[in-house]
Chemist: 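Okay, here's the structure, questions in a sec.
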Amino acid sequence: MIIGVPKEIKTHENRVSLLPGGVLKLAKHGHEVLVEQGAGEGSGFFDKQYEDSGATIMEDIDELWEQSDMIMKVKEPIEVEYPRMREGQIIFTYFHFAASEALTEAVAKSRSIAIAYETVEEEDGTLPLLVPMSEVAGRMASQEGAKFLEKPEGGRGILLGGIPGVKPANVMVLGGGIVGVNAAKIAAGMGGNVTIMDISMPRLRYLDDVMSKNVDTMFSNEANIRSMLPHVDMIIGAVLKPGAKAPHLITRDMLSEMQKGTVLVDVAIDQGGCFETSKPTTHDNPVYKVDDVVHYCVANMPGAVPYTSTLGLTNVTLPYAVSLANKGWKQALKDEEELQKGLNIVDEKIVYKPVAEAFDMEYTAIEEVL
Ligand SMILES: NC(=O)C1=CN([C@@H]2O[C@H](COP(=O)(O)OP(=O)(O)OC[C@H]3O[C@@H](n4cnc5c(N)ncnc54)[C@H](O)[C@@H]3O)[C@@H](O)[C@H]2O)C=CC1
Ligand SMILES: CC(=O)C(=O)O
Ligand SMILES: [Mg+2]
């Protein structure tokens, strides 16, 4: 199989989908890898290393897409990439379809085979290709939030950890999954007073056991969320219903109950966001204010720490890429149930229910296409 690795073109997206070591592995299995010139540079991996591992460096990106049986990316295709997708081509990347009807339509129209990192799912519900990036984004969420709490950045001007004699900031984390727990760890480590909210009691029990003393748990419902708003300094949005549009847990009217300069970090923005007033931002211009409340809504947070993120991501994606390349997509999906959950769109058919539901589109059961 010919595997293509384009350079990411989203704003400040410096990750790359495959390392030189991954090229070596795929080449050993008899596959050919095309890497766009400079694709790994942002993460610290250079053309020469890819070439030495057996890749062909391509200058012409259209040619790379044209020749590749499988495209491996990091972020969802963006508009200039839409016309490059083609019938029968496997595209293995993050898609987050439920956040974009335009992308969903474009991928369907291309008749390509879209296997989404974020919905590959193990039997116990773990999302193995999302976990490492959620770990990065969760840890970053508290770090970024702390920065935007500074007055010159638009925040309230409270130091997250406080000082002796002055109380620390109150941090509310909505969703106690991978993002939530990592955000809470960093915020608590910096001395913040953290409350994690979730709707899963087993998860809250687990968090109560393992988190430090300055982390409380609270059941997530509207009344409990509202009760926190007048005292909270930072809210981190970290909920997920896999593949689906995020629920709006903070509505517009709730902003008026918050203190001026409160910081909202909506990590769930890639699934549409869990605050009603969220809209995607980029690392170039990450924040905006609504009613004096700071919103940070960067949809590719891990892109800002590409060294860590690329290594973390490729650790987990490579084995699946090898399977897809060795067996072809149909056989690989038949053999590996977790990979089967990654299939969202194939040959114009939406086979992942929450995506079809997000846009009222026709849903086709996966058995019909395998
Ligand atoms: N912006 C970015 O750069 C990145 C965003 N993400 C996104 O962050 C989000 C969270 O991801 P993970 O932590 O990996 O998911 P996860 O599945 O590990 O955790 C989600 C948690 O939300 C909880 N939840 C669901 N509904 C809730 C509600 N109404 N109230 C409170 N909790 C609720 C679930 O019980 C679960 O514990 C996803 O949308 C993911 O795509 C992940 C990485 C990077
Ligand atoms: C998960 C995701 O959206 C990211 O890593 O950018
Ligand atoms: Mg994202």
Side-chain angles (χ1 to χ4, degrees), residues 8 10-17 73-76 78 93-100 116-122 124-141 144 172-185 195-207 217-225 228 235-251 265-275 278 280-283 286 295-306 308-310 312-314 316-317 354:
E8 295 299 317
K10 198 165 174 142
T11 314
H12 286 296
E13 182 50 78
N14 290 295
R15 284 173 287 180
V16 64
S17 61
K73 275 180 55 62
V74 177
K75 291 308 291 182
E76 70 281 352
I78 60 177
T93 191
Y94 287 119
F95 281 102
H96 303 290
F97 283 116
S100 171
Y117 291 163
E118 72 275 10
T119 65
V120 172
E121 185 176 342
E122 288 168 10
D124 67 354
T126 303
L127 305 168
L129 304 190
L130 185 62
V131 166
M133 297 305 93
S134 290
E135 290 166 341
V136 171
R139 289 173 186 216
M140 274 183 79
E144 295 297 302
M172 174 160 99
V173 180
L174 292 170
I178 306 294
V179 167
V181 82
N182 280 281
K185 260 190 208 167
T195 305
I196 307 185
M197 301 187 123
D198 206 294
I199 48 171
S200 159
M201 276 314 299
R203 188 67 185 169
L204 292 178
R205 284 193 190 101
Y206 164 77
L207 294 169
T217 59
M218 203 176 189
F219 193 77
S220 172
N221 59 36
E222 188 181 337
N224 283 345
I225 292 172
M228 299 275 298
I235 304 178
I236 295 174
V239 301
L240 176 65
K241 294 194 214 160
K245 234 179 155 55
H248 286 159
L249 301 184
I250 302 282
T251 49
V265 180
D266 199 346
V267 186
I269 189 67
D270 56 358
Q271 294 292 141
C274 62
F275 311 141
S278 294
T281 59
T282 64
H283 288 294
H295 291 56
Y296 175 100
C297 307
V298 176
N300 62 331
M301 294 173 71
V305 287
T308 307
S309 302
T310 290
L313 180 65
T314 55
V316 292
T317 51

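The structure displayed is predicted, hence computed values, not measured ones. Counting convention: from 1, in listed order, for ligands and their atoms alike. FYI, side chains are in, hydrogens and waters are out, and symmetry mates aren't considered; it's all heavy atoms of this structure.
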Chemist: Where do Phe97 and Glu118 come nearest, in terms of heavy atoms and distance?
Modeler: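 Reported closest heavy-atom pair: N-OE2, 4.2 Å.
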
Chemist: Determine whether the side chain, the backbone, both or neither of Val136 has a heavy atom under 4.0 Å from any heavy atom of ligand 1.
Modeler: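 No part of Val136 is near ligand 1 at this cut-off.
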
Chemist: Show, in sequence, the C-alpha distance, side-chain angles and deciding distance for Val265 and Glu144, and conclude whether the side-chain contact (heavy atoms from CB on, under 4.5 Å) test is met.
Modeler: CA-CA 8 Å; Val265 180; Glu144 295 297 302; 5.5 Å; no

Chemist: Quick one: look at Asp270 and ligand 1, take heavy-atom pairs under 4.0 Å, and tell me if it's side chain, backbone, both or neither.
Modeler: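 For Asp270, only side-chain atoms sit under 4.0 Å from ligand 1.
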
Chemist: Specify side chain, backbone, both or neither for Leu130, according to which of its non-hydrogen atoms lie closer than 4.0 Å to ligand 2.
Modeler: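 It is the side chain that touches ligand 2; the backbone stays farther off.
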
Chemist: With a heavy-atom distance limit of 4.0 Å, tell me whether Ala299 approaches ligand 1 through its side chain, its backbone, both, or neither.
Modeler: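 Within the 4.0 Å criterion, Ala299 contacts ligand 1 through backbone atoms alone.
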
Chemist: Among the heavy atoms of Lys75, does any lie under 4.0 Å from an atom of ligand 2?
Modeler: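 In this structure, Lys75 qualifies as a contact of ligand 2 - some heavy atom is under 4.0 Å.
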
Chemist: Consider ligand 1: state whether an atom of it lies below 4.0 angstrom from any non-hydrogen atom of Val298.
Modeler: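 It does; at least one heavy atom falls under 4.0 Å.
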
Chemist: What residues, two or more places apart in sequence or in another chain, satisfy salt bridge (charged side-chain N to carboxylate O under 4.0 Å, His left out) together with Lys10?
Modeler: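 With neighbours one apart ignored, the set is Glu76.
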
Chemist: Glu222: which residues meet the salt bridge (charged side-chain N to carboxylate O under 4.0 Å, His left out) condition with it, sequence neighbours left out?
Modeler: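 Checked Glu222 against salt bridge (charged side-chain N to carboxylate O under 4.0 Å, His left out); matches are Arg226.
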
Chemist: Decide side-chain contact (heavy atoms from CB on, under 4.5 Å) for Asp270 and Tyr94; before the verdict, give the C-alpha distance in whole Å, the side-chain angles of both, and the deciding distance to 0.1 Å.
Modeler: CA-CA 10 Å; Asp270 56 358; Tyr94 287 119; over 6 Å; no

Chemist: For the backbone of Gly176 and the side chain of Arg203, can you confirm whether one donor and one acceptor N or O come within less than 3.5 Å of each other?
Modeler: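 Present.
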
Chemist: Return the option from Asn224, Leu240, Asp198 holding the heavy atom at the smallest distance from atom 17 (O) of ligand 1.
Modeler: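 Selected option, by shortest heavy-atom distance: Leu240.
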
Chemist: Please classify the Val179 to ligand 1 contact at 4.0 Å (heavy-atom distances, strictly less than): side chain, backbone, both or neither.
Modeler: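 Both backbone and side chain of Val179 come within 4.0 Å of ligand 1.
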
Chemist: Is there a polar contact between ligand 1 and Ser134, counting only N or O atoms under 3.5 Å apart?
Modeler: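 The answer is yes, given that Ser134 and ligand 1 share an N or O pair closer than 3.5 Å.
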
Chemist: With a 4.0 Å cut-off on heavy atoms, is Lys241 touching ligand 1?
Modeler: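 No, Lys241 has no heavy atoms under 4.0 Å from ligand 1.
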
Chemist: Testing Val267, Leu130, Val179 for side chain to side chain contact (heavy atoms under 4.5 Å, CB included) with Leu240, which one passes?
Modeler: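 Running side chain to side chain contact (heavy atoms under 4.5 Å, CB included) over Val267, Leu130, Val179 with Leu240 returns exactly one hit, Leu130.
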
Chemist: Under 4.0 Å, heavy atoms only, figure out whether ligand 2 is touched by the backbone of Glu118, its side chain, both or neither.
Modeler: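 Near ligand 2, Glu118 shows nothing, with every heavy atom at 4.0 Å or more.
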
Chemist: Indicate, as side chain, backbone, both or neither, the part of Arg15 found under 4.0 angstrom from ligand 2 when only non-hydrogen atoms are considered.
Modeler: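 Answer for Arg15: side chain.
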
Chemist: N/O of Ile178 under 3.5 Å from N/O of ligand 1, yes or no?
Modeler: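 Ile178 vs ligand 1: N/O contact under 3.5 Å present.
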
Chemist: Touching ligand 2 at all, Ala299? Heavy atoms, strictly under 4.0 Å?
Modeler: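 Yes, Ala299 has heavy atoms under 4.0 Å from ligand 2.
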
Chemist: Short N/O distance, under 3.5 Å, between Asn300 and ligand 2?
Modeler: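 Between Asn300 and ligand 2 (N or O atoms, distance only) the closest approach is not under 3.5 Å.
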
Chemist: Under 4.0 angstrom from ligand 1, any heavy atom of Met133?
Modeler: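 It does; at least one heavy atom falls under 4.0 Å.
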
Chemist: May I ask you to identify, for Met301, whether its side chain, its backbone, both or neither come under 4.0 Å of ligand 2 on a heavy-atom basis?
Modeler: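 No part of Met301 is near ligand 2 at this cut-off.
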
Chemist: As a check for students: among Val239, Ile225, Val265, identify the option with a heavy atom nearest to atom 9 (C) of ligand 1.
Modeler: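 Among Val239, Ile225, Val265, the closest heavy atom to atom 9 (C) of ligand 1 comes from Val239.
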
Chemist: Hey, are Thr126 and Asp124 close enough side-chain-wise for a donor-acceptor pair under 3.5 Å?
Modeler: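 Yes, Thr126 and Asp124 have a side-chain donor paired with an acceptor closer than 3.5 Å.
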
Chemist: Only heavy atoms of Met133, strictly under 4.0 Å: list the atoms of ligand 2 that pass.
Modeler: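 What qualifies from ligand 2 is 5 (O).
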
Chemist: Relative to ligand 2, is Ala137 under 4.0 angstrom through side chain, backbone, both or neither, heavy atoms considered?
Modeler: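 Neither part.
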
Chemist: What part of Val131 sits under 4.0 Å from ligand 1 if we count only heavy atoms: the side chain, the backbone, both or neither?
Modeler: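 For Val131, no heavy atom sits under 4.0 Å from ligand 1.
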
Chemist: When you measure from the side chain of Glu8 to the backbone N and O of Arg15, does any donor-acceptor pair fall under 3.5 Å?
Modeler: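 Side chain of Glu8 to backbone of Arg15: no pair is present.
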
Chemist: Which bit of His96 is near ligand 1, meaning a heavy atom under 4.0 Å away: side chain, backbone, both or neither?
Modeler: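 The part of His96 near ligand 1 is the side chain, not the backbone.
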
